Amino acid sequence: MSEEARAGAPSGLSRRDFLKLMGAAGTGLAFAPFVPWGQFLPNPSSASLERVPAELPDGSQANMRTFPVNHSEVITYPRTGDRVLDEEAFRKWQLIRLPEELGGAAESPESFRVFSMVCLHLWCLWKYWPDAGRRRGECPCHGSMYDARTGTSFAGPASLQAPPSDTLPKLDLEASDDGLLWIKPPVWGVNDNGVVGYGRFV
Ligand code: FES
């Protein structure tokens, strides 16, 4: 697992102990959707109650008029202003403008998706592959693949997990008249925006 992925472990446990714990819990997570795991997982705290700019790595705000079709950028949410905290894996999201064949050409927030980068299998960080024949999220650790339109895994170990642990948490966007994209306040729950590292019902 990468350094970024490991950064998501909560304080109080060594990261190695935490990962062992989560590895042991993985099977239980997949078969016990009735347990309120979301209360115990390190969901991002300090989510804003107001919309915030969808800020690109260069510090500018994403604009639906200029963001390339079939392209992705890593964004951070919620931001704290603390450089170390803001590098936590659980604050990393893929902002994707869908390819044209999936409706990405329209100047609309609907052309975009924002999914948690934390793979639902064992928390590596997946990335978006825009090349023809792929156009999906892929995790480098064990090959889980995610549908760019829905965030649901369709191949690899994450696809074998029971809902909600087969679908990535999401953030919702809106646009202002000038095309700038904003992140709407999320509701962290499996029936809403999802629980980072655990999943979302669809
Ligand atoms: Fe992503 Fe295993 S951690 S496929």
Side-chain angles (χ1 to χ4, degrees), residues 4-5 7-10 22 29-30 32-56 61-62 64 67 72-80 85-98 102-104 108-128 136-137 139 144-154 158-159 161-176 180-202:
E4 275 187 297
M22 290 316 300
L29 283 169
F34 48 85
V35 176
W37 295 105
Q39 295 176 13
F40 310 108
L41 288 168
N43 230 21
S45 57
S46 69
S48 174
L49 297 178
E50 299 181 350
R51 71 178 191 176
V52 299
E55 189 178 318
L56 299 175
Q61 185 171 358
M64 66 179 182
F67 198 95
S72 71
E73 295 281 353
V74 177
I75 63 174
T76 302
Y77 183 87
R79 282 189 176 278
T80 66
L85 286 177
D86 285 352
E87 285 308 306
E88 287 179 339
F90 276 60
R91 298 179 190 273
K92 297 300 177 187
W93 304 77
Q94 284 275 352
L95 169 65
I96 300 168
R97 185 165 191 166
L98 295 170
L102 296 181
S108 162
E110 300 301 314
S111 297
F112 293 80
R113 297 291 185 273
V114 186
F115 295 124
S116 165
M117 282 185 72
V118 177
C119 177
L120 296 171
H121 179 222
L122 288 175
W123 294 3
C124 287
L125 296 182
W126 61 273
K127 64 171 277 194
Y128 178 67
R136 62 195 178 215
C139 179
S144 289
M145 298 182 193
Y146 294 96
D147 186 304
R149 209 163 31 86
T150 63
T152 298
S153 180
F154 61 88
S159 70
Q161 297 177 162
S165 292
D166 61 347
T167 301
L168 296 163
K170 63 167 183 155
L171 294 174
D172 298 315
L173 296 173
E174 62 185 17
S176 42
L180 293 173
L181 290 170
W182 302 80
I183 299 169
K184 298 202 273 190
V187 176
W188 300 128
V190 291
N191 293 306
D192 294 292
N193 289 86
V195 175
V196 174
Y198 180 49
R200 171 172 62 93
F201 284 117
V202 290

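Heavy-atom basis, side chains included; hydrogens, waters and symmetry copies ignored. Note that this is a predicted model, so its numbers are computed, not measured.
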Show the nearest heavy-atom pair for residues [X] and [Y], with the distance to one decimal.
X    : Y    : value
T167 : T150 : CG2-O, 3.8 Å
A158 : S144 : N-OG, 2.9 Å
P78  : R91  : O-NH1, 2.8 Å
S72  : I96  : CB-CG1, 3.9 Å
A89  : L125 : CB-CD2, 3.9 Å

Side chain of [X], backbone of [Y]: donor and acceptor closer than 3.5 Å?
X    : Y    : answer
Q61  : L181 : yes
S116 : W93  : no
N193 : V187 : yes
K92  : D86  : yes

*Go through the steps to decide whether R113 and L98 satisfy the test side chain to side chain contact (heavy atoms under 4.5 Å, CB included), and finish with yes or no.*
CA-CA 7 Å; R113 297 291 185 273; L98 295 170; 3.8 Å; yes
*Should V74 and Q94 be marked as a side chain to side chain contact (heavy atoms under 4.5 Å, CB included) after you check the CA-CA gap, both sets of side-chain angles, and the distance that decides it?*
CA-CA 5 Å; V74 177; Q94 284 275 352; 4.0 Å; yes
Heavy atoms, side chains only, cut-off 4.5 Å: are [X] and [Y] in contact?
X    : Y    : answer
L120 : D166 : no
P169 : F115 : no
L95  : F67  : yes
Y146 : C119 : yes
V114 : K170 : no
P186 : Y77  : yes

*Could I get the full list of salt bridge (Lys or Arg N to Asp or Glu O under 4.0 Å) partners for E73, not counting sequence neighbours?*
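Scan of E73 (salt bridge (Lys or Arg N to Asp or Glu O under 4.0 Å), adjacent residues dropped) gives none.
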*Can you measure from CG (D172) to CD1 (I183) and round to the nearest 0.5 angstrom?*
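Separation between the atoms: 10.0 Å.
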*asked:* Can you confirm whether R136 is buried at CZ, in the sense that more than 12 heavy atoms of other residues, nucleotides or ligands lie under 6.0 Å from that atom?
replied: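 It does: R136 CZ has more than 12 such atoms within range.
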*Does CD belonging to E110 count more than 12 external heavy atoms closer than 6.0 Å?*
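No.
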*asked:* Working note: M64 + L173, criterion side chain to side chain contact (heavy atoms under 4.5 Å, CB included); need CA distance, chi angles, decisive distance, verdict.
replied: CA-CA 11 Å; M64 66 179 182; L173 296 173; over 6 Å; no
*After noting the C-alpha distance and the side-chain angles of W126 and H121, does the key distance pass the side chain to side chain contact (heavy atoms under 4.5 Å, CB included) rule?*
CA-CA 11 Å; W126 61 273; H121 179 222; over 6 Å; no
